[in-house]
Enquirer: 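Quick one: the structure is below, and I'll ask about it shortly.
Only this structure's heavy atoms are used, side chains among them; waters, hydrogens and symmetry mates stay out. Residues: numbered from 1 along the sequence shown. Read the numbers this way: they start at 1 and go in the same order the structure lists the ligands and their atoms.
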Amino acid sequence: MNLFNKDSPEFLVISGPCAIESHSQLQSVLNSEVTPSLIRGGIYKMRTKKSSFQGLGPEGIEIIKNLKKTRPFKFITEITDPRQIDSLLPVIDCFQVGARNMYNYELLKELSRLNKPVLLKRGFSATINEWLGATDYLSDLGEENIYLCERGIRTFETKLRNTLDLGAVMYLKKNHPFKVFVDPSHAMGDSKYVVQASLAALASGADGILVEVHPQPNQALSDPEQALDLKMYQELIHKLGRACPIFEKKLRV
Ligand code: PEP
Ligand code: MN
């Protein structure tokens, strides 16, 4: 059930749109020259405004089911309510718990009973200790199946969407057994910083990134500013491919 291969240290790139919008949108990402095999994509979105796109729900699940018939890939999506478990289980390889739900201990308890890894985002203003506290609710999964994801925190600084706390990544990697991801997209909030932030994540010791990619970012129904287009995505993978050997990691896309 683990996304990582045990033999060698890997750097995983989980990529895809903020939200799944259509079969053709996701297929365009899958068909990009990078040929990704670890895909993210929101099906149930927790939007700040109720009038914003809330995700395709069951239609999104069907899109993944159909695409999985045509080619192999691992899929990770955010679960926002335990009532989604039964329908998501057959199509997902890892559950994502979003920043808004890091403190939703009942949801974490439900996920700890299942046989899938969980990627636990850091809450907007969560301390490292609060974040680690939340991992206790998942401990039945085994530490190798709990992935932390630093996605930027709220600080006094407002120039960027969030403040990317790479110090937290360094701290966690030195002191705890969990795999740690970085989400450069939500941390920076602007695609022009995403490649650099991803390289910085690799240098900080992260085990991978969760990055937003969209075939036409300016038409994205959520987070259009921060999504990489397919050309930038290719550039990202090319640069990570060159940098990974320096950090003795094997790149897996
Ligand atoms: C996401 O990854 O699409 C997302 C909503 O992230 P976060 O929970 O970190 O805001
Ligand atoms: Mn998003």
Side-chain angles (χ1 to χ4, degrees), residues 3 12-21 25-26 29 36 38-50 52-57 60 64 74-81 84 88 92-104 107-108 111 117-128 130-131 134-135 138 146-155 160-166 168-169 180-191 193-194 197-198 201 206 208-229 232-233:
L3 289 185
L12 264 47
V13 180
I14 301 175
S15 47
C18 178
I20 295 174
E21 298 166 1
Q25 173 227 29
L26 200 59
V29 176
L38 303 163
I39 299 294
R40 62 148 286 149
I43 288 176
Y44 296 99
K45 298 300 298 175
M46 293 201 74
R47 305 303 300 283
T48 304
K49 292 202 187 93
K50 188 165 174 263
S52 302
F53 178 58
Q54 301 282 314
L56 291 180
I64 299 299
K74 304 267 189 216
F75 181 63
I76 170 165
T77 197
E78 181 172 350
I79 179 163
T80 60
D81 186 312
Q84 294 154 2
L88 286 176
I92 63 109
D93 301 279
C94 177
F95 283 109
Q96 175 178 330
V97 174
R100 290 166 183 77
N101 269 317
M102 188 206 85
Y103 295 104
N104 186 341
L107 176 64
L108 299 181
L111 296 179
V118 171
L119 178 137
L120 178 66
K121 293 248 190 148
R122 183 179 188 176
F124 298 135
S125 305
T127 63
I128 294 173
E130 287 168 338
W131 196 10
T135 67
L138 295 168
I146 302 172
Y147 312 143
L148 299 174
C149 182
E150 160 62 33
R151 43 82 70 212
I153 49 172
R154 262 191 201 152
T155 64
L160 298 164
R161 183 171 183 181
N162 287 294
T163 298
L164 177 55
D165 184 6
L166 291 179
V169 178
V180 181
F181 281 79
V182 167
D183 175 343
S185 310
H186 290 88
M188 307 307 290
D190 185 332
S191 60
Y193 304 114
V194 166
S198 302
I209 54 170
L210 184 75
V211 63
E212 289 187 347
V213 177
H214 193 289
Q216 287 156 306
N218 56 6
Q219 286 174 35
L221 298 180
S222 55
D223 289 344
E225 315 80 11
Q226 67 195 33
L228 297 181
D229 63 20
M232 290 172 93
Y233 179 35

Enquirer: Find all protein N or O atoms under 3.5 angstrom from an N or O atom of ligand 1 and list the pairs with distances, or write 'none'.
Expert:
residue, atom, partner, partner atom, Å
ligand 1, 2 (O), Arg40, NH1, 2.8
ligand 1, 2 (O), Gln96, NE2, 2.9
ligand 1, 2 (O), Lys121, NZ, 2.9
ligand 1, 3 (O), Arg40, NH2, 2.9
ligand 1, 3 (O), Lys45, NZ, 2.9
ligand 1, 6 (O), Lys121, NZ, 2.9
ligand 1, 8 (O), Ala99, N, 2.8
ligand 1, 9 (O), Lys121, NZ, 2.9
ligand 1, 9 (O), Arg151, NE, 2.6
ligand 1, 10 (O), Arg151, NH2, 2.9

Enquirer: Under the side-chain contact (heavy atoms from CB on, under 4.5 Å) rule, what do Glu212 and Arg40 come out as? Steps first, then yes or no, please.
Expert: CA-CA 8 Å; Glu212 289 187 347; Arg40 62 148 286 149; 3.5 Å; yes

Enquirer: Are Pro224 and Asn218 close enough that some pair of their side-chain heavy atoms sits under 4.5 Å apart?
Expert: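 Sidechains of Asn218 and Pro224: no contact.
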
Enquirer: So, His214 and Gln219: side-chain donor and acceptor under 3.5 Å apart, yes or no?
Expert: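 No, Gln219 and His214 have no side-chain donor paired with an acceptor closer than 3.5 Å.
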
Enquirer: Give me the atom names and distance for the closest heavy-atom approach of Asn101 to Ile79.
Expert: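 Here Asn101 and Ile79 meet closest at ND2-O, 4.2 Å.
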
Enquirer: What pair of heavy atoms forms the shortest contact from Pro17 to Val29, and how long is it?
Expert: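 Minimum heavy-atom separation between Pro17 and Val29: CD-CG2, 4.5 Å.
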
Enquirer: Write down the atom of Leu210, the atom of Pro184, and the distance for their closest heavy-atom approach.
Expert: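 Between these two residues, the closest heavy atoms are O-CD, 3.4 Å.
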
Enquirer: Could you name all protein N, O or S atoms found under 2.8 Å from the Mn ion (ligand 2)?
Expert: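 Cys18 SG, His186 NE2, Glu212 OE2, Asp223 OD2, with waters left out.
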
Enquirer: Keeping Arg47 on the side-chain end and Phe53 on the backbone end, is there a donor-acceptor pair under 3.5 Å?
Expert: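 Yes, the answer is positive, given that a donor and an acceptor are paired below the 3.5 Å cut-off.
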
Enquirer: Would you call Arg122 and Glu130 a salt bridge, using N to O less than 4.0 angstrom?
Expert: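 No salt bridge links Arg122 with Glu130.
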
Enquirer: Testing the basics here: between Glu150 and Thr163, what is the closest heavy-atom pair and its distance to 0.1 Å?
Expert: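 Minimum heavy-atom separation between Glu150 and Thr163: OE2-O, 3.9 Å.
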
